[in-house]
Amino acid sequence: MSKVLVVYHSGYGHTKVVAEHVAQGAEAQLVAISADGEITEAEWAALNDADAIIFGTPTYMGNVSWQFKKFADATSKIWFTRGWQDKVFGGFTNSASPNGDKQVTLITLQTLASQHGGVWVSLGIPPSNTLEATGDDPNNLGGSVGLLARAPANAGVDGVQKGDLLTAERYGRRVADIAARLKA
């Protein structure tokens with residue numbers, strides 16, 4: 001069994017819902033980045049102790065939220081000591097648009113993990129890209145680097161597509177399984 005943490009920022013609650021489903025799949029602890037871009041010292045310690053970290057952030061203006069960026073910049077203290085070297089990482093993002101430049105956000109998360117010397121876990125789920133596919137199907141947005149999720153801008157937190165939540169659970173489980181295999 002591996003220790004997995006999901007560290008995320010959510011501006012309007014949609015990304016929190018996705019984070020909860022990722023955590024459910026990974027049997028992971030959630031760490032919420034505050035509206036000021038902060039986490040507690042205890043949460044930093046838990047991240048340092050984790051076998052795997054899954055990053056989550058909404059995509060705002062084609063990249064991570066400023067709160068997530070503040071968290072990411074604060075990890076430079078860990079980078080100096082190589083404290084997250086060889087840790088397993090994954091990532092997800094949510095936005096209102098089907099594309100919304102979410103891929104840029106995932107590449108930002110993957111780059112952060114790589115700078116720390118981590119091992120990135122891809123989504124590993126083929127896209128649902130047939131004529132019959134709907135938002136209820138897994139990986140209906142066709143991601144591969146990590147998890148893509150969508151909630152329309154005028155939808156409440158229950159507006160995240162069912163297929164994205166199913167994909168979130170599967171992705172969380174994949175990251176946890178890979179971390180457990182690498183730990184063994």
Side-chain angles (χ1 to χ4, degrees), residues 2-47 50 52-75 88-110 112-113 121 123 125 135-141 143 145-176 179:
S2 57
K3 182 177 179 186
V4 182
L5 271 75
V6 176
V7 59
Y8 71 95
H9 171 253
S10 183
Y12 299 96
H14 303 98
T15 306
K16 178 183 180 190
V17 170
V18 177
E20 291 168 345
H21 283 265
V22 171
Q24 181 181 338
E27 298 181 24
Q29 174 185 339
L30 288 166
V31 174
I33 299 169
S34 75
D36 294 326
E38 304 284 340
I39 64 173
T40 68
E41 287 303 318
E43 290 167 333
W44 280 113
L47 288 168
I53 299 172
I54 303 172
F55 299 133
T57 178
T59 294
Y60 291 158
M61 304 308 292
N63 214 314
V64 300
S65 66
W66 74 260
Q67 293 90 341
F68 189 91
K69 178 67 167 106
K70 182 178 177 182
F71 160 80
D73 288 349
T75 71
V88 173
F89 289 92
F92 64 92
T93 189
N94 174 71
S95 73
S97 299
N99 178 334
D101 298 317
K102 286 191 263 288
Q103 191 71 14
V104 175
T105 301
L106 286 181
I107 296 301
T108 299
L109 300 178
Q110 184 182 40
L112 176 62
V121 178
L123 185 60
I125 301 170
D136 290 344
D137 292 318
N139 197 16
N140 64 83
L141 294 175
V145 172
L147 169 64
L148 305 174
R150 177 175 185 243
N154 61 346
V157 295
D158 59 340
V160 180
Q161 295 186 30
K162 291 178 186 173
D164 297 344
L165 298 178
L166 174 63
T167 307
E169 291 172 20
R170 290 184 182 176
Y171 184 54
R173 189 167 29 260
R174 175 173 163 79
V175 173

Gap separating the CD atom of Q161 from the CG atom of N94, nearest 0.5 angstrom = 9.5 Å

request  = Check whether any side-chain heavy atom of V7 lies under 4.5 Å from a side-chain heavy atom of F55, and answer yes or no.
outcome  = yes

query = A179 and A52: which non-hydrogen atoms are nearest, and at how many Å?
reply = CB-CB, 3.8 Å

Any N99 side-chain heavy atom under 4.5 Å of S97 side chain = no

remark   = Interatomic distance, CD@E43 vs CD1@I33, rounded to 0.5 Å, equals 9.5 Å

inquiry  = Looking at every non-hydrogen atom in both residues, tell me the closest pair between I54 and A26 and how far apart they are.
reply    = CD1-CB, 4.4 Å

message = To check you understand the geometry: which heavy-atom pair defines the closest contact between A168 and H21, and what is its length?
response = CB-CB, 3.8 Å

query = If we ignore angles and hydrogens, is there a donor and acceptor under 3.5 Å between the side chains of S95 and K102?
reply = yes

remark   = Output for pair (H9 NE2, T93 OG1), nearest 0.5 Å, gives 11.5 Å

inquiry  = Is the shortest side-chain heavy-atom distance between F92 and T15 below 4.5 Å?
reply    = yes

task = Hey, could you give me the OG1/CD1 distance between T167 and I125, rounded to the nearest 0.5 Å?
result = 5.0 Å

ask   = Which pair of heavy atoms, one from L47 and one from I53, lies closest together, and at what distance?
value = O-CD1, 3.7 Å

T105 versus P58, closest heavy-atom pair with distance = CG2-O, 4.5 Å

inquiry  = Please report the interatomic distance NZ(K69) to CG(N63), rounded to the nearest 0.5 Å.
reply    = 8.5 Å

inquiry  = Is any side-chain heavy atom of W44 closer than 4.5 Å to one of F71?
reply    = yes

query = Do L109 and F68 come within less than 4.5 Å of each other through their side chains, counting heavy atoms only?
reply = yes

query = Is the backbone N or O of A155 less than 3.5 Å from a side-chain atom of H14, with the two atoms forming a donor-acceptor pair by type?
reply = yes

query = Do the side chains of V157 and K16 get nearer than 4.5 Å, heavy atoms only?
reply = no

note = What one should report as the nearest heavy-atom pair of L30 and A23 is CD2-CB, 3.7 Å

Student check: side-chain heavy atoms of D164 and L148 closer than 4.5 Å = no

ask   = Do the non-hydrogen side-chain atoms of L166 and K162 ever get within less than 4.5 Å of each other?
value = no

key: Residues that E38 engages under salt bridge (charged side-chain N to carboxylate O under 4.0 Å, His left out), provided they are two or more places apart   = K70

remark   = Interatomic distance, CG@L147 vs CG@L141, rounded to 0.5 Å, equals 9.0 Å

